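Input: a single structure, listed below in structure tokens.
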Amino acid sequence: MADVKKIAVIAGDGIGPEVVAEAIKVMKKTEDVFGYRFEFEHGLFGGIAIDEKGTPLPEDTLAICKKSDAVLLGAVGGPKWDNNPKELRPETGLLGIRKALGLFSNIRPANVFDCLKEASTLKPEVLEGTDLIVVRELTGGIYFGEKFRREGANGEEAVDTCVYNVTEVERIVRQAFEIARTRRKKLASVDKANVLETSRLWRETVNRIAPDYPDVELEHVLVDNCAMQLLRRPSSFDVIVTENMFGDILSDEAAMLTGSIGMLSSASLGEGAFGLYEPVHGSAPDIAGQGIANPIATILSVALMYRLTFGYHDAAEAIERAVKEVLDAGHRTGDIAVDKSKAIGTTAMGELIVNAIRK
């Protein structure tokens, strides 16, 4: 009998509980089909935790995460908490959980399904062959640097400090090289070395490490050029590695290549096998509770969990194959439907995928 893996389930806000529910059904189906075993423990996080416990990251939720083998997260945030002070914002909980769990890298695949090319705003011929991964540094840079305000000659000034050290750069870049080795052996390192000192340190570190990976083709790309090339020639990219803020922006741009942000999975990883898995999309409070959200990104995040944390490649492939079969059969949620009148709901899409999972 397979070892029981402990999963911390953090449904979060908005559509989070709806899409997480479908992902758990998928996990339970893989228990039946492949014999894997999971134990789920739920915790409050984000806006709902602020409302019920007075903090976006309660200590008991963090404790659940620390004793788990992986975390499944839905989504956090919403306009209800937008005007809260910094310590009472859902996003502060996200930064806190990444730091507390040592999650320094975010992995975001962007794979264009052939049957969904028409859902993208780009021409199908531009999208042909697009299959890339953005590897984003997650715990350094301007998001975590010192922030303050002061009086200047022209009134109040705001300062955000961007700081990176060699260790932070080296560990994320080595991880990206290792991922590239498992794919098409191409790595694009994205920076702004023509302007920023942190980017010059980044590039120097990448060039020092590169000889350790002679089998991987390295390309340096300035961030503004990368943003342009993602729209012009996305299929030329294999693995992109970059710092925190650049990665935040570029990964969302890459997400839209697929036609909907509701299609994309992500993983946040540390030094070992432990990871936090979540859809790229937000909490979408405008459609929360309506049963129309797309659960595919969360379901594909489970497949990513199986691959990266547990090594359950057979089950991961079964999930990905099931998603493809359901989409190839023409089933669509509203965000990816050309004919919105034929769109199906969250539960219906989840059930179709569950029923398509097999060895």
Side-chain angles (χ1 to χ4, degrees), residues 95 98 104-110 121-122 126-127 130-150 152-154 157-181 183-257 266 268 280:
L95 298 179
R98 290 167 184 166
F104 63 81
S105 75
N106 185 242
I107 314 294
R108 287 193 180 186
T121 53
L122 295 187
V126 174
L127 294 169
T130 298
D131 178 11
L132 62 90
I133 290 179
V134 179
V135 180
R136 166 191 169 193
E137 202 288 323
L138 207 54
T139 56
I142 201 165
Y143 292 174
F144 287 91
E146 186 182 359
K147 301 167 184 9
F148 58 91
R149 295 193 183 190
R150 64 191 177 197
N154 297 305
E157 298 175 342
V159 179
D160 294 288
T161 312
C162 185
V163 179
Y164 268 108
N165 61 54
V166 170
T167 300
E168 290 172 321
V169 178
E170 181 163 345
R171 67 185 181 182
I172 189 75
V173 170
R174 286 194 180 279
Q175 189 177 74
F177 269 115
E178 293 292 345
I179 291 170
R181 273 184 163 169
R183 291 170 52 87
R184 302 200 310 272
K185 296 182 171 58
K186 293 175 62 179
L187 179 64
S189 176
V190 176
D191 59 38
K192 192 64 177 169
N194 58 337
V195 176
L196 300 177
E197 196 60 36
T198 47
S199 282
R200 285 190 271 273
L201 176 69
W202 182 284
R203 187 173 292 205
E204 290 166 10
T205 306
V206 173
N207 284 335
R208 177 173 54 79
I209 293 169
D212 294 344
Y213 303 89
D215 51 327
V216 177
E217 177 188 342
L218 172 66
E219 175 187 19
H220 293 287
V221 188
L222 294 175
V223 63
D224 44 346
N225 185 38
C226 182
M228 181 175 67
Q229 299 303 333
L230 273 172
L231 299 180
R232 182 172 171 263
R233 52 176 184 93
S235 63
S236 68
F237 291 105
D238 181 22
V239 178
I240 295 171
V241 63
T242 191
E243 59 105 86
N244 203 342
M245 184 169 72
F246 296 163
D248 192 1
I249 297 165
L250 292 175
S251 57
D252 275 7
E253 183 187 6
M256 291 314 297
L257 297 174
S266 79
S268 297
V280 169

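Quantities reported herein were computed from a predicted structural model and do not represent experimental measurements. Numbers for residues simply follow the sequence, beginning at 1.
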- side chain to side chain contact (heavy atoms under 4.5 Å, CB included) partners of Val126, counting only residues at least two apart: Leu122, Lys123, Pro234
- Query: Between Asp252 and Arg108, does a salt bridge (charged side-chain N to carboxylate O under 4.0 Å, His left out) hold up when you go through it step by step?
  - Reply: CA-CA 9 Å; Asp252 275 7; Arg108 287 193 180 186; 2.8 Å; yes
- Task: For Ala176 and Val239, work out which heavy atoms get closest and say how close.
- Result: O-CG1, 4.0 Å
- Are the side chain of Gln229 and the backbone of Cys226 linked by a donor-acceptor contact shorter than 3.5 Å? no
- Item | Results of side chain to side chain contact (heavy atoms under 4.5 Å, CB included) for Asp215 - residues two or more places apart only | Arg181, Lys185, Tyr213
- Item | Ile209 CD1 to Phe177 CZ distance, which is reported to the nearest 0.5 Å | 7.0 Å
- Query: Taking 4.0 angstrom as the limit, do Asp224 and Lys192 come out as a salt bridge?
  - Reply: yes
- Residues in salt bridge (Lys or Arg N to Asp or Glu O under 4.0 Å) with Arg183, at least two apart? Asp131, Asp238
- Item | Contacts of type side-chain hydrogen bond (donor to acceptor under 3.5 Å, both in side chains), residue Glu157, not counting sequence neighbours | Arg150
- Donor-acceptor pair, Glu197 side chain versus Ser199 backbone, under 3.5 Å? no
- side chain to side chain contact (heavy atoms under 4.5 Å, CB included) between Ser189 and Leu218, intermediate numbers included: CA-CA 7 Å; Ser189 176; Leu218 172 66; 4.2 Å; yes
- Note on the structure: Note: Cys162 and Thr198 closest approach over all heavy atoms is O-CG2, 3.5 Å
- Non-hydrogen side-chain atoms of Val166 and Glu204 separated by less than 4.5 Å: no
- Mind checking whether Ile179 and Val135 have side chains closer than 4.5 Å, heavy atoms only? yes
- From Thr130 atom OG1 to Phe237 atom CZ, the distance as rounded to the nearest 0.5 Å: 10.5 Å
- Interatomic distance, Ile133 atom CD1 to Asn106 atom CG [nearest 0.5 angstrom]: 11.0 Å
Can you give each donor-acceptor pair under 3.5 Å made by side-chain atoms of residues 240-248, sequence neighbours left out, with the distance rounded to 0.1 Å?
from   : atom 1 : to     : atom 2 : distance (Å)
Thr242 : OG1    : Val190 : O      : 2.9
Glu243 : OE2    : Met245 : N      : 2.7
Glu243 : OE2    : Phe246 : N      : 2.8
Asn244 : OD1    : Arg136 : NE     : 2.9
Asn244 : OD1    : Arg136 : NH2    : 2.8
Asn244 : ND2    : Leu138 : O      : 3.2
Asn244 : ND2    : Gly140 : O      : 3.0
Asp248 : OD2    : Tyr143 : OH     : 2.7

- OG of Ser251 to CG of Leu132, rounded to nearest 0.5 Å, is 10.5 Å
- Item | Nearest heavy-atom neighbours spanning Ala193 and Leu222 | N-CD2, 3.7 Å
- Item | Where Ile172 and Ser105 come nearest, the two heavy atoms and their spacing | CD1-CB, 2.9 Å
- Query: How many angstroms lie between atom CG of Leu231 and atom OG1 of Thr121, to the nearest 0.5 angstrom?
  - Reply: 8.0 Å
- Message: Tell me every residue that passes side chain to side chain contact (heavy atoms under 4.5 Å, CB included) with Glu217, counting only those two or more places apart in sequence or in another chain.
- Response: Lys186
- Query: Are the side chains of Glu168 and Val163 in touch, meaning some heavy atoms are under 4.5 Å apart?
  - Reply: no
